[in-house]
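Structure record follows, encoded as structure tokens.
Residue numbers begin at 1 in each chain, while the letters A, B, ... track the order of the sequences.
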Protein chains: 2
Amino acid sequence: MLVNEARTFRELCQENGIAVTHQRQVLYEVMKTMHGHPSPEEVYAQVKKKVPAISLATVYKNIHLFVESGVFREVSMHHGSLRVEMNDESHHHMVCSKCKAITDIGEKELGLVSKQDKLPGGFLVERYAVDVIGICAKCQQA
Amino acid sequence: MLVNEARTFRELCQENGIAVTHQRQVLYEVMKTMHGHPSPEEVYAQVKKKVPAISLATVYKNIHLFVESGVFREVSMHHGSLRVEMNDESHHHMVCSKCKAITDIGEKELGLVSKQDKLPGGFLVERYAVDVIGICAKCQQA
DNA sequence: TTATCGGACGATAATCTTTATCGTTTATAC
DNA sequence: GTATAAACGATAAAGATTATCGTCCGATAA
């Protein structure tokens, strides 16, 4: 089973053309066991238990690598800084996964959502925010 | 018209119990004219043209104030750092606007979206990411 | 199996974003 | 007009992320 896991990870690396390193493998396995939506620091803290000498920079580099390779994904696009919304009409967003550009799309043009007011866990709904993730026209050309 | 605008802003401040300052007013007016999804730095650059002595800290403080007051809103919740997704089943997120906690909700439980593959501007859809913004059970009690 | 080479690693400096501190100034209520 | 609390500006500090660079290790082919 462990062998099988290792084999899977090895294949995963080969598919993406990256080297199979000890740090990379432990990082991957640790992340697989984590729940919720950890930050790089939290992942770092966990991995350090198994590879005490690992560097935070390595964690960052490999998390990005995994995200780019589609192994993991990020919880909503991270734009590095706070962004404010000036458009006061009902709309959602198209976010380019390559260049991170954000474009508005009117609620009606998008089609969607059946709004429910009751959700599991007693969560009180204020509004829906939909991000359509994809590739913008510009990045499709390049 | 200008008088009217000023009056509106004054009322807005009074509704939210905040003082009407020159910086605050210019910031508000400048932001109203901006399109897209500017970062605090970008807003700062614009406001500085009209109030050269303004501090970046003031811009930050008042953007937060505006967001809390519901005057503007932020483009997807900002958690201060990159977050990775460990749940590999189709799901979306419930995000608490008070405490920023993120909870998963299964795609089926949510009801949701009619997926269209074609969107305006030639945007190529990969997937939909829905954030349900609201108040979590814990924050409803407090 | 070993030599070679490029990619990966660790340490840390640097950068970028945001927040906290604090002395001074200003808006508001009286 | 004056008192008081809030807001401002300057800047230090904190937090998050990236860049740099010398060393080390994994992949490939002899």
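- Proximity of a side-chain donor or acceptor of B/Arg10 to a complementary backbone N or O of B/Val20 within less than 3.5 Å is not detected.
- We find that NE2 of A/His22 is positioned 11 Å from P of C/dC9, with the value rounded to whole Å.
- The residue among B/Thr58 and B/Gly80 whose nearest nucleotide of DNA chain D lies closer to the 5′ end is B/Thr58.
- No donor-acceptor pair under 3.5 Å is formed between the side chain of A/Ser69 and the backbone N or O of A/Val71.
- Here CD1 of A/Ile63 is found 11.0 Å from OG1 of A/Thr58. Values are rounded to the nearest 0.5 Å.
- Here C/dC9 presents its P atom at 12 Å from CD of A/Gln25, a figure rounded to the nearest Å.
- Here the closest heavy-atom approach between residue A/Val95 and residue B/Phe123 is recorded as O-CZ, 3.4 Å.
- In this structure, the side chain of A/Glu41 does not engage the main chain of B/Ser81 through any donor-acceptor pair within 3.5 Å.
- The separation between A/Phe66 atom CZ and C/dA8 atom P is 11 Å, rounded to whole Å.
- For the pair A/Lys61 and B/His78, nearest-nucleotide mapping onto DNA chain C gives the more 5' position to A/Lys61.
- Atom CD in B/Gln23 sits about 14 Å away from atom P in C/dT25, given to the nearest Å.
- In summary, the side chains of A/Asn87 and B/His37 do not present any donor paired with an acceptor at a separation below 3.5 Å, with no hydrogens or angles considered.
- Rounded to a whole Å, the NE2 atom of B/His79 is 14 Å from the P atom of C/dT19.
- Within residues 37-57 of chain B, the residues approached by DNA chain C to less than 4.0 Å at the level of any non-hydrogen atom are B/Pro40, B/Leu56, B/Ala57, in residue-number order.
- The footprint of chain B on DNA chain D, defined by a heavy-atom cutoff below 4.0 Å, extends from D/dA7 to D/dT17.
- Between the CD atom of B/Glu68 and the P atom of C/dT19 there is a distance of 10 Å, rounded to whole Å.
- Salt bridge A/Glu74/A/Lys100: present, at least one basic N to carboxylate O contact under 4.0 Å.
- Put simply, B/His64 has a side-chain N or O that comes within less than 4.0 Å of OP1 or OP2 on C/dT19.
- Atom CZ of A/Arg83 has more than 12 heavy atoms from other residues, nucleotides or ligands within 6.0 Å.
- The nearest whole Å value for the distance from the CG atom in B/Asn62 to the P atom in C/dT19 is 13 Å.
- Residues B/Ile54 and B/Tyr60 share a single hydrophobic cluster, defined by chaining ILVMFWY side chains whose heavy atoms lie under 4.5 Å apart.
- We find that CD of B/Glu74 is positioned 10 Å from P of C/dT18, with the value rounded to whole Å.
- Each of B/Gly17 and B/Leu82 has a nearest nucleotide on DNA chain D; the 5'-most of these lies closest to B/Gly17.
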